[in-house]
Undergrad: 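Pasting a structure here, questions to come.
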Amino acid sequence: MRIGMLLMGGSFPPDLRVHKEAQVLLVAGHEISLLATDKDGGVAREDVDGIDVHRYPARTGPLRSKLTAVGTLVAWRNAYWEQQIGAYVERIGADVIHVHDLPAVKSAVAVGRRRGIPVVFDMHENYSDAVKHWKRSSAAETFQTPKRYAEYEMWALDNADAIVVTIEEMRDRVAARGVDPRKLTVFSNVDDWDGSLMWSGSTEPYVVVYAGGFGEHRGIDTLIRAFAIARREIPGARLLLMGAGKGEEDLHSLAADLGLSAGDVEFTGWVSLGEMRERLAASSVGVVPHHRTVHTDSTIPHKLFQYMAMGLP
């Protein structure tokens with residue numbers, strides 16, 4: 001079967017969930033293509049670990065960008081995305097459309113219905129609660145309210161032919177909304193790990209590590225405050241923060257205000273998967289400091305499995 005995955009508005013690589021799912025489907029004998037946004041001047045088409053990756057331009061011109069943005073804000077439809085999806089589906093001869101995340105579902109379904117192709121909705125997040133904790137533009141906060149996201153999610157659940165979720169709690173939440181359980185599949189964010197690189201057991205120096213995206217809901221500010229206290233008991237301890245995201249400048253300022261130097265707290269930005277694993281293996285303890293919310297109660301982070309896979313406490 002030729003599966004046409006969609007990562008509209010997202011770049012690939014390095015999306016871990018998309019990569020893991022694609023590899024599982026490839027092993028099962030399917031052909032996998034992926035349409036993603038070209039945000040960094042990548043090639044229009046290339047093979048990435050067996051995935052036939054197609055990229056479309058992120059920008060469409062000022063006027064067109066504004067018009068498509070208005071459509072997305074008000075009707076959850078993106079004309080530019082639909083144009084790209086339609087051309088891509090025809091180009092690869094897709095038998096199934098597999099759309100990652102809620103924002104692009106309505107456009108994917110529109111194309112799928114026109115072409116008679118079933119649509120799989122891969123539900124990465126509980127958007128109706130997640131948006132309460134994410135920093136967004138004023139226009140998004142005005143038009144795309146949590147209530148409207150909840151309504152849109154219900155529409156997507158009703159209109160998708162199949163639904164993939166990250167964890168049993170999300171499956172139960174979706175089923176409780178009246179969705180036929182037979183439409184639901186759980187594919188968790190487990191780590192595909194061969195055990196070739198394991199935790200070194202290092203505690204000297206004592207390195208506390210976090211790997212993943214930044215953002216207020218992830219609790220990295222709490223981690224930095226806690227680390228400042230922990231250093232009083234563990235002289236020479238270091239905090240390693242691998243990742244990036246909104247609010248990073250505030251985290252730098254917080255560390256400085258707490259008297260932590262660049263030698264105490266290291267911000268690496270995004271690093272390769274290989275480098276991340278090497279640095280995890282050389283650390284002392286991994287942390288998942290996410291705030292507890294309805295959103296985080298119905299998802300599970302990759303980093304938890306990445307730490308466990310190599311035996312990192």
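Quick note: residue numbers are just sequence positions, from 1.
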Undergrad: Below 4.5 Å, heavy atoms only, C-beta onward: do Val120 and Ile3 meet side chain to side chain?
TA: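 With C-beta onward as the side chain, the pair stays apart.
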Undergrad: Shortest non-hydrogen contact from Asp38 to Gly41?
TA: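 That closest heavy-atom pairing would be OD1-N, 3.0 Å.
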Undergrad: Going hydrophobic residue to hydrophobic residue with side-chain gaps under 4.5 angstrom, can you get from Val179 over to Met123?
TA: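 In one cluster: yes.
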Undergrad: Using 30° and 60° as the class boundaries, would you call the ring planes of Trp76 and Tyr149 parallel, tilted or perpendicular?
TA: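 Judged by the thresholds at 30° and 60°, the geometry between Trp76 and Tyr149 is tilted.
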Undergrad: Do Thr166 and Phe187 touch side chain to side chain, with heavy atoms closer than 4.5 Å?
TA: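 Not in contact.
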Undergrad: Is a donor on one side and an acceptor on the other found under 3.5 Å between the side chain of Arg218 and the backbone of Pro289?
TA: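 No: the side chain of Arg218 does not pair with the backbone of Pro289.
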Undergrad: Between Ser298 (side chain only) and Met170 (backbone N and O only), is there a donor and an acceptor less than 3.5 Å apart?
TA: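 No.
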Undergrad: To check you understand the geometry: which heavy-atom pair defines the closest contact between Pro13 and Arg55, and what is its length?
TA: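 The pair with the smallest heavy-atom distance is CD-NH2, 3.8 Å.
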Undergrad: Within the structure provided, determine whether Gln306 and Leu16 are in side-chain contact (heavy-atom separation under 4.5 Å).
TA: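 Yes, their side chains come closer than 4.5 Å.
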Undergrad: Within the 4.5 Å heavy-atom criterion, are Ser107 and Met8 side-chain neighbours or not?
TA: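 Result no, sub-4.5 Å side-chain heavy-atom pair not found.
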Undergrad: Closer than 3.5 angstrom, by distance alone: can the side chain of Thr37 be matched with the main-chain N or O of Lys39 as a donor-acceptor pair?
TA: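 Checked: no pair found.
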Undergrad: For Ser284 and Pro205, work out which heavy atoms get closest and say how close.
TA: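 In this case the closest contact between Ser284 and Pro205 is OG-O, 3.6 Å.
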Undergrad: Which pair of non-hydrogen atoms, one from Ser33 and one from His54, has the smallest distance, and what is that distance?
TA: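 Closest heavy-atom pair between Ser33 and His54: OG-NE2, 4.2 Å.
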Undergrad: Set out, in order, the CA-CA distance, both residues' side-chain angles and the distance that settles side-chain contact (heavy atoms from CB on, under 4.5 Å) for Ile300 and Ser188, then state yes or no.
TA: CA-CA 8 Å; Ile300 193 162; Ser188 197; 3.6 Å; yes
Undergrad: Which pair of non-hydrogen atoms, one from Gly9 and one from Trp81, has the smallest distance, and what is that distance?
TA: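 Nearest heavy atoms, Gly9 then Trp81: N-CZ2, 4.0 Å.
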Undergrad: If the test is side-chain contact (heavy atoms from CB on, under 4.5 Å), which one of Ile32, Asp122, Val53, Leu34 qualifies with Val18?
TA: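 Running side-chain contact (heavy atoms from CB on, under 4.5 Å) over Ile32, Asp122, Val53, Leu34 with Val18 returns exactly one hit, Leu34.
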Undergrad: Which atoms form the tightest heavy-atom contact between Ala104 and Val99, and what is the distance?
TA: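 Shortest heavy-atom contact: CB-CG2, 3.8 Å.
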Undergrad: Ser200 side chain to Ala281 main-chain N or O, any donor-acceptor pair under 3.5 Å?
TA: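 Confirmed, Ser200 side chain pairs with Ala281 backbone.
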Undergrad: How many angstroms lie between atom CD of Glu204 and atom CD1 of Ile234, to the nearest 0.5 angstrom?
TA: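 Taking CD in Glu204 and CD1 in Ile234, the distance rounds to 10.5 Å.
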Undergrad: Are Tyr88 and Ile51 connected in the hydrophobic side-chain network, where two residues link if heavy atoms are under 4.5 Å apart?
TA: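 Shared cluster, no.
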Undergrad: Donor-acceptor pair, distance only, cut-off 3.5 Å: does the side chain of Lys303 make one with the backbone of Val288?
TA: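 No: the side chain of Lys303 does not pair with the backbone of Val288.
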Undergrad: With a 4.5 Å limit on heavy-atom distance, are the side chains of Thr145 and Glu151 in contact?
TA: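 Counting from C-beta outward, Thr145 and Glu151 never come under 4.5 Å.
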Undergrad: Do Arg279 and Thr268 have side chains that get closer than 4.5 Å, going by heavy atoms?
TA: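 Result yes, sub-4.5 Å side-chain heavy-atom pair found.
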Undergrad: Would you kindly say whether Ser261 and Asp264 are connected by a side-chain donor-acceptor distance under 3.5 Å?
TA: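 Looking only at side-chain atoms, Asp264 and Ser261 do form a donor-acceptor pair, the distance falling under 3.5 Å.
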Undergrad: Under a 4.0 Å N-O cut-off, is there an ion pair linking Asp161 with Lys183?
TA: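 Judged by the 4.0 Å cut-off on N to carboxylate O distance, Asp161 and Lys183 do not form a salt bridge.
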Undergrad: Measuring from Met310:CE to Leu280:CG, what's the distance to the nearest 0.5 Å?
TA: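 Going from the CE atom of Met310 to the CG atom of Leu280 covers 5.0 Å.
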Undergrad: For the atom pair OH (Tyr152) and CG (Leu102), what is the distance rounded to the nearest 0.5 Å?
TA: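 Nearest 0.5 Å value for the OH-CG distance: 5.0 Å.
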Undergrad: For Arg173 and Val165, run side-chain contact (heavy atoms from CB on, under 4.5 Å): C-alpha distance rounded to whole Å, both residues' side-chain angles, the deciding distance at 0.1 Å, then the answer.
TA: CA-CA 10 Å; Arg173 171 183 171 271; Val165 297; over 6 Å; no
Undergrad: How far apart are the C-alpha atoms of Leu241 and Leu251, what are their side-chain angles, what is the distance that settles it, and do they pass the side-chain contact (heavy atoms from CB on, under 4.5 Å) test?
TA: CA-CA 10 Å; Leu241 300 173; Leu251 297 176; 5.5 Å; no
Undergrad: Check whether Ile163 and Met5 end up in the same hydrophobic cluster, where Ile, Leu, Val, Met, Phe, Trp and Tyr are linked by side-chain heavy atoms less than 4.5 Å apart.
TA: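 They do not share one cluster, since no chain of ILVMFWY contacts under 4.5 Å joins Ile163 to Met5.
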Undergrad: A quick test of your reading: do over 12 heavy atoms of other residues, nucleotides or ligands sit less than 6.0 Å from CD of Glu90?
TA: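 It does not: Glu90 CD has 12 such atoms or fewer within range.
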Undergrad: Do we see a donor-acceptor contact under 3.5 Å between the side chains of His100 and Arg17?
TA: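 No, no side-chain donor-acceptor contact under 3.5 Å.
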Undergrad: Roughly how far, to the nearest 0.5 Å, is the OH atom of Tyr307 from the OH atom of Tyr210?
TA: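 Rounded to the nearest 0.5 Å, the OH-OH separation comes to 7.0 Å.
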Undergrad: I'd like to check Met242 versus Val209 (side-chain heavy atoms, cut-off strictly below 4.5 Å). Are they in contact?
TA: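 Yes - at least one pair of side-chain heavy atoms lies under 4.5 Å apart.
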Undergrad: Is a side-chain N or O of Asp191 found less than 3.5 angstrom from the main chain of Phe305, in a donor-acceptor match?
TA: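 No: the side chain of Asp191 does not pair with the backbone of Phe305.
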Undergrad: Should we say atom CE of Met1 is surrounded by more than 12 heavy atoms from elsewhere, each under 6.0 Å from it?
TA: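 Atom CE in Met1 is not packed in, count stays at 12 or less.
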Undergrad: Considering residues, nucleotides and ligands other than Arg277, do more than 12 of their heavy atoms fall under 6.0 Å from its CZ?
TA: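 More than 12 heavy atoms, drawn from other residues, nucleotides or ligands, come within 6.0 Å of this atom.
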Undergrad: So, taking the atom named NE2 in His302 and the one named CG in Leu273, what distance separates them when rounded to the nearest 0.5 Å?
TA: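 Reported value, rounded in 0.5 Å steps: 11.0 Å.
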Undergrad: For Asp49, does its backbone N or O pair with a side-chain atom of Gln23 as donor and acceptor, under 3.5 Å?
TA: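 Answer holds: yes.
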Undergrad: Quick one: CD on Glu31 to CG on Asp52, what's the gap to the nearest 0.5 Å?
TA: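 The distance works out to 9.0 Å.
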Undergrad: May I ask whether Tyr206 and Leu260 are part of the same hydrophobic cluster, defined by side-chain heavy atoms of I, L, V, M, F, W, Y residues being less than 4.5 angstrom apart, directly or through others?
TA: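 In one cluster: yes.
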Undergrad: Is any side-chain N of the basic residue among Arg177 and Asp158 closer than 4.0 Å to the acidic one's carboxylate O?
TA: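 Not counted as a salt bridge, because no side-chain N and carboxylate O are separated by less than 4.0 Å.
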Undergrad: Should His291 and Thr222 count as side-chain neighbours, where that means a heavy-atom distance under 4.5 Å?
TA: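 Yes. Closest side-chain heavy atoms under 4.5 Å.
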Undergrad: Any link between Phe121 and Val186 through a network of hydrophobic side chains (Ile, Leu, Val, Met, Phe, Trp, Tyr) touching at under 4.5 Å?
TA: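 Looking at the clustering, Val186 is in the same group as Phe121.
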Undergrad: Where the side chain of Thr299 meets the backbone of Thr296, is there a donor-acceptor pair that is under 3.5 Å apart?
TA: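 Not a single qualifying donor-acceptor pair exists.
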Undergrad: Check whether Asp101 reaches the backbone of Pro103 with its side chain - one donor and one acceptor, N or O, closer than 3.5 Å.
TA: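 Looks like no, no N/O pair under 3.5 Å.
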